[in-house]
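Reading through the structure tokens given below for one structure.
Remember, it's a predicted structure, so these values are computed and weren't measured experimentally.
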Amino acid sequence: MRTRPLKVALLGCGVVGSEVARIMTTHADDLAARIGAPVELAGVAVRRPDRVRAGIDPALVTTDATALVKRGDIDVVVEVIGGIEPARTLITTAFEHGASVVSANKALLAQDGAALHAAAEEQGKDLYYEAAVAGAIPLIRPLRESLAGDKVNRVLGIVNGTTNFILDKMDSTGAGYQEALDEATALGYAEADPTADVEGFDAAAKAAILAGIAFHTRVRLDDVYREGMTEVTAADFASAKEMGCTIKLLAICERAADGESVTARVHPAMIPLTHPLASVRGAYNAVFVESDASGQLMFYGPGAGGAPTASAVLGDLVAVCRNRLSGTTGPGESAYAALRVSPMGEVVTRYHISLDVADKPGVLAQVATVFAEHGVSIDTVRQQGKDGEASLVVVTHRASDAALNGTVEALRKLDTVRGVASIMRVEGE
């Protein structure tokens, strides 16, 4: 074993960063044995230096992150501060001054992953980011390495624990959205401002990363269709149960049937209770991968939290340090396929549409005619009426999003249609 330690700079010492530092200290001997050399925490960049950080030598703490990554003796920079800037500049500066980088920054990677990979390649350094998607669940490396010889066709997953906790509570207890959100906040699953989670921004960033790796194509955050879950109601869950389904906020990355394009999207969807993702409860994450040779694979576990995310960071740190010792680098960006990223209008799936209609003869015929005129085939129809008003639930066969949108617009113009109560995609079949 080499006795000279590999030096690590830690950018950020919050929930995740403090756990990274703790594990580096308490598991130092095991990490050294696995890497082939000791690892040493050489500096910790923070915004508030006066805060007490148990187990961290105050002499290592600095507010000058730029000076830390420019030192030249740093082997690996671990970035867990999040956001776009200053993280982007700090990472590229680290490459320029000889360090490899381990990051958990999903937003930055989804927006500028290609540029960061190019910067790493130019300097002959590693960029690893297992912790950016699904916390402790091994997912990035299996897609990037274990399935490198296979053809991945679909990645379907629950990649945000906050939203899964809320939807699970609504499903299992009958709670409304706000009541379930309040409980998630009280338990620490939801931030004071939950927008990034409940509006799908967090999941969309992860979908962009997953799609890029799975399909060897550059997929940016702007390419991902995003729809939040704040409009999901108890009535939607009741309808889902009647279909033998539940509702999840899903990240879906798909290769088109002709193999010439891909899509990436995040939205609530009904999913059959027989599908493995339907049983994912609480704040857990799970990702379902479908490929030519391997068939169906499922990755499941805690998708967030200090210790689980730090576990993924440390796994990357070990791999990067091993590469450092052997004078090699791991796999970089693979975007050779350069497939077209299709807009949401081209996505084909099933739909569950709930309409408020007049309870009188001929309404169903009118509605069915509109669906037929727009080329959307109906699978099942259920109608319930009382006192001149009725609820009409239509489940379609697979149709494009554009065709469905045209159908809905035409339905709104019918005198007999009082309103569109809800539209929900049906996935996982």
Side-chain angles (χ1 to χ4, degrees), residues 5-28 39-97 99-112 116 128-132 135-136 161-162 184-197 201-202 205 283 302-314 316-317:
L6 293 161
K7 294 189 176 183
V8 177
L10 179 61
L11 307 183
C13 198
V15 173
V16 176
S18 59
E19 280 296 306
V20 170
R22 182 188 67 79
I23 296 172
M24 285 185 64
T25 301
T26 58
H27 295 181
V39 287
E40 173 188 301
L41 189 59
V44 182
V46 300
R47 286 184 296 177
R48 293 181 287 274
D50 296 333
R51 178 179 295 177
V52 176
R53 294 173 173 85
I56 297 178
D57 183 351
L60 297 178
V61 177
T62 179
T63 57
D64 194 343
T66 301
L68 179 59
V69 299
K70 283 184 173 180
R71 274 178 37 173
D73 64 334
I74 299 297
D75 294 287
V76 184
V77 169
V78 174
E79 183 272 310
V80 289
I81 57 177
I84 306 302
E85 288 291 358
R88 174 170 48 197
T89 299
L90 291 171
I91 289 174
T92 55
T93 301
F95 291 142
E96 292 166 359
H97 287 78
S100 290
V101 173
V102 172
S103 176
N105 196 330
K106 54 187 172 288
L108 177 58
L109 288 159
Q111 178 172 307
D112 289 321
L116 294 179
Y128 276 54
Y129 44 90
E130 184 68 62
T162 301
T185 304
L187 292 172
Y189 291 130
E191 301 287 346
D193 179 1
T195 302
D197 294 324
F201 290 101
D202 175 83
T309 305
S311 171
V313 170
L314 267 294
D316 279 349
L317 179 63

Is the backbone N or O of Tyr189 less than 3.5 Å from a side-chain atom of Thr162, with the two atoms forming a donor-acceptor pair by type?
yes
Please step through side-chain contact (heavy atoms from CB on, under 4.5 Å) for the pair His97 and Ile74, ending with a clear verdict.
CA-CA 8 Å; His97 287 78; Ile74 299 297; over 6 Å; no
With sequence neighbours excluded, what pairs up with Thr25 under the side chain to side chain donor-acceptor pair (under 3.5 Å) test?
none
Do His27 and Leu314 come within less than 4.5 Å of each other through their side chains, counting heavy atoms only?
no
Report yes or no: do Asp193 and Thr195 form a side-chain donor-acceptor pair below 3.5 Å?
yes
Applying side-chain contact (heavy atoms from CB on, under 4.5 Å) to Ile91 and Asn105, what does each step give before you reach the verdict?
CA-CA 11 Å; Ile91 289 174; Asn105 196 330; 5.6 Å; no
So do Leu68 and Leu11 actually touch side chain to side chain, heavy atoms under 4.5 Å?
yes
Sorted by chain and residue number, the ring-ring contact (aromatic ring centres under 6.0 Å, His included) partners of Phe201 (sequence neighbours excluded) come out as none
For Glu191, I'd like to know if atom CD has over 12 heavy atoms of other residues, nucleotides or ligands within 6.0 Å.
no
Listed partners of Asp202 passing side chain to side chain donor-acceptor pair (under 3.5 Å), at least two apart
Lys106, Asn160, Lys206
Pick one: which of Leu10, Ile81, Thr309 meets side chain to side chain contact (heavy atoms under 4.5 Å, CB included) with Val16?
Thr309
Partners passing side chain to side chain donor-acceptor pair (under 3.5 Å) against Ser103 (at least two apart in sequence or in another chain)
Glu79
Show me the donor-acceptor pairs within less than 3.5 Å that the side chains of residues 51-58 make with the rest of the protein, sequence neighbours left out.
residue: Arg53; atom: NH1; partner: Arg48; partner atom: O; Å: 3.0
residue: Arg53; atom: NH1; partner: Arg51; partner atom: O; Å: 3.0
residue: Arg53; atom: NH2; partner: Arg48; partner atom: O; Å: 2.9
residue: Asp57; atom: OD1; partner: Ala59; partner atom: N; Å: 2.9

Taking Arg71 for the side chain and Gly43 for the main chain, is one N or O donor matched with an acceptor at less than 3.5 Å?
no
Residues in side chain to side chain donor-acceptor pair (under 3.5 Å) contact with Gln111, at least two apart in sequence or another chain:
none
A side-chain contact here means heavy atoms from C-beta on lying under 4.5 Å apart; do Thr66 and Leu90 qualify?
yes
Any heavy-atom pair between the side chains of Lys70 and Thr93 that's under 4.5 Å?
yes
